Amino acid sequence: MLNIIVAPKDKVRAVEKVSKKIVKYLKDEKVEYLIYFSRTFDEMVTIVEELKNNLETEFILIGDDISISHFVNEVKELSKIKLGIIPVGKNDDFAKFLELETNPISAIQKILAGNLESVDYLVVNDIIAINNISIGASTSALEEYERYKWRTNLTKKHALYKYGTKFEGIELIISTKNNKSETYNIFELSICNGAYLKGQPISPLSNIKDGLFNLNYITVENAIDKKKTLKSYLSGDHIYNEQTKQVWINNTKITTNNDEDFHVSIDGRLYSVDELNITLVENGLKLYK
C-alpha cells in the first residue's frame, strides 16, 4: 500500500493544496493509497512509527527538508523502505539537489513509474542527516534567528550578518584521514552530503552517490573579513578561497578540549552535543526519482 505522509500545514504552507491535487490524480488513475494528515511534527512521526511497526515500506512524503528530517529519523532503518518526495515549501535543499519535480502531478507520475535510485546519507551520533551539518558563525546566527518573531529570508540574512560577524570562534579537535587529529579555532565549518544549505550552494562539488562527504572549514585567523567570509559561504565561492580547507572522507569525529556542549545545525535543526561522530552510509536510502 502506498502511504502518503503530509507535513503539518502550520509548518509547511501549501501542503493541503498540493495534497488535494495528488489525491485527485490518484483517484482518477484508480491507484490504491492511504493519506495521513497531522497538526504537528510529533503527530506526524507517531503516524510514521505506527506504519513502520505494521511493516509498511512504501511512502510518499509531501513536505520540505525539515519534514524529511523528522521522517527519516523516525524510520531509522532506511534500507527497509522506499521513499518518494513531493517538495513543498521554501526549504527544499534535498529536492533541489536531486532535481526532483516540483510540479505535484509530474512528481507523482514519476514516483508511480517506480524508478528507484539509491543515495548516501549521514549518521551523526544517532541522528540521520541527508543534507549537511554546520558549526560556527552561521549556527550561532541561526540560534538568534530562531528567536525572531518574523522569520523570512531578509531577517535570516539580518541575523547572519548581525550575529555571525560577532562570532569569535570555537576550538574543535577534528579527526580526518588515518585518525589524524588536529585542533583548530573554527569560524565556520560544514560537513556536506548534499550541495545546498537554505537554498545556497554550500558545497557545489558534492555528489550524493560517491560514498564521500565534503568537510570544509575556515579558521578565525583566516576569516579576516567575517562578513565577506559569510557572504562567500552563501554563494559557494568559499571553495575557491585558498584559506578554506577541504577534505573528502566517509567518517570523522569532532570534539572540544573541554567538557562543555557545543551547538550544531543538522539539516537545519539545532542540537547541543558534546561530540560528533559522523559516518556516511553509502547507497542507504532508496528514492523514487
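Only this structure's heavy atoms are used, side chains among them; waters, hydrogens and symmetry mates stay out. The first residue of the sequence shown is numbered 1, and numbering continues consecutively from there. Predicted, not measured: the structure shown is a model, and the values here were computed from it.
- With salt bridges taken as basic N to acidic carboxylate O contacts below 4.0 Å, one links Lys52 and Glu74.
- Using cut-offs of 30° and 60° on the angle between ring planes, the pair Phe41 and His70 is parallel.
- A donor and an acceptor atom, one from each side chain of Asn132 and Ser190, are nowhere located under 3.5 Å apart.
- Using a 4.5 Å cut-off on side-chain heavy atoms (C-beta onward), Ile191 and Ile278 make contact.
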(request) Would you please test Ser175 and Ile254 for side chain to side chain contact (heavy atoms under 4.5 Å, CB included) and show each step? (result) CA-CA 6 Å; Ser175 298; Ile254 299 176; over 6 Å; no
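- Ser138 and Glu188 share a side-chain donor-acceptor pair at under 3.5 Å.
- No salt bridge links Lys82 with Glu58; every basic N to acidic carboxylate O contact stays at or beyond 4.0 Å.
- The side-chain heavy atoms of Glu50 and Thr46, taken from C-beta on, include a pair separated by under 4.5 Å.
- Between the side chain of Asp267 and the backbone N or O of Ala129 there is no donor-acceptor pair closer than 3.5 Å.
- Looking at heavy atoms from C-beta onward, Val273 lies out of side-chain contact with Asp261 at the 4.5 angstrom threshold.
- Enclosure of atom NZ in Lys286 by more than 12 non-hydrogen atoms of other residues, nucleotides or ligands within 6.0 angstrom is indicated.
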(request) Determine, stepwise, if the pair Leu215 / Thr252 fulfils side chain to side chain contact (heavy atoms under 4.5 Å, CB included). (result) CA-CA 9 Å; Leu215 187 158; Thr252 188; 4.1 Å; yes
(request) Using the side chain to side chain contact (heavy atoms under 4.5 Å, CB included) rule, take Ser203 and Tyr196 through it: C-alpha gap first, then chi angles, then the decisive distance, then the call. (result) CA-CA 7 Å; Ser203 179; Tyr196 294 100; over 6 Å; no
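- Under a 3.5 Å cut-off, the side chain of His263 and the backbone N or O of Ile135 do not form any donor-acceptor pair.
- Linking Ile, Leu, Val, Met, Phe, Trp and Tyr residues whenever their side-chain heavy atoms come within less than 4.5 Å places Val31 and Ile60 in a single cluster.
- Residues Lys209 and Glu117 are paired through a salt bridge, judged by an N-O separation under 4.0 Å between the basic side chain and the carboxylate.
- When the shell of 6.0 Å around NZ of Lys20 is examined, it contains 12 or fewer heavy atoms from other residues, nucleotides or ligands.
- Residue Val119 is grouped with residue Phe71 when hydrophobic side chains (ILVMFWY) are merged at heavy-atom distances under 4.5 angstrom, including chains of intermediate members.
- Annotation: Lys11, atom NZ; neighbour count of heavy atoms from other residues, nucleotides and ligands within 6.0 Å does not exceed 12.
- A distance-only check finds no donor-acceptor pair linking the side chain of Ser106 to the backbone of Asn103 [under 3.5 Å].
- Applying the salt bridge (Lys or Arg N to Asp or Glu O under 4.0 Å) test between Glu16 and each of Lys21, Arg39, Lys9 identifies Lys9 as the sole match.
- Remark: side-chain polar atoms of Asn250 are not paired, donor with acceptor, to backbone N or O of Leu280 under 3.5 angstrom.
- Within the 3.5 Å criterion, the main-chain N or O of Asp225 finds a donor-acceptor partner in the side chain of Thr229.
- Val6 and Leu61 fall into different hydrophobic clusters, where Ile, Leu, Val, Met, Phe, Trp and Tyr residues are linked whenever their side-chain heavy atoms come under 4.5 Å apart, directly or through other members.
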(request) I would like to know whether Glu99 and Lys289 meet salt bridge (charged side-chain N to carboxylate O under 4.0 Å, His left out); could you show each step before the answer? (result) CA-CA 9 Å; Glu99 299 180 341; Lys289 190 157 186 291; 5.5 Å; no
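- Remark: the Glu171 side chain and the Asn185 side chain contain no N/O donor-acceptor pair separated by less than 3.5 Å.
- Ring centroid separation for the pair Phe187 and Tyr217 does not come in under the 6.0 Å cut-off.
- Of the possible polar contacts, one joining the Lys76 side chain to the Asp126 backbone as a donor-acceptor pair under 3.5 Å is found.
- For the residue pair Asn216/Gln246, the side-chain donor-acceptor check at 3.5 Å is not satisfied.
- Looking only at atom types and distance, the side chain of Asp42 has no donor-acceptor partner in the side chain of Thr40 under 3.5 Å away.
- Side-chain contact between Val48 and Ile5 is present, with at least one heavy-atom pair separated by less than 4.5 Å.
- For the residue pair Tyr145 and His158, no side-chain donor N or O sits within less than 3.5 Å of a side-chain acceptor on the partner.
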(request) Begin from the C-alpha positions of Ile130 and Asp120 and carry the test side chain to side chain contact (heavy atoms under 4.5 Å, CB included) through to its verdict. (result) CA-CA 8 Å; Ile130 54 172; Asp120 305 337; over 6 Å; no
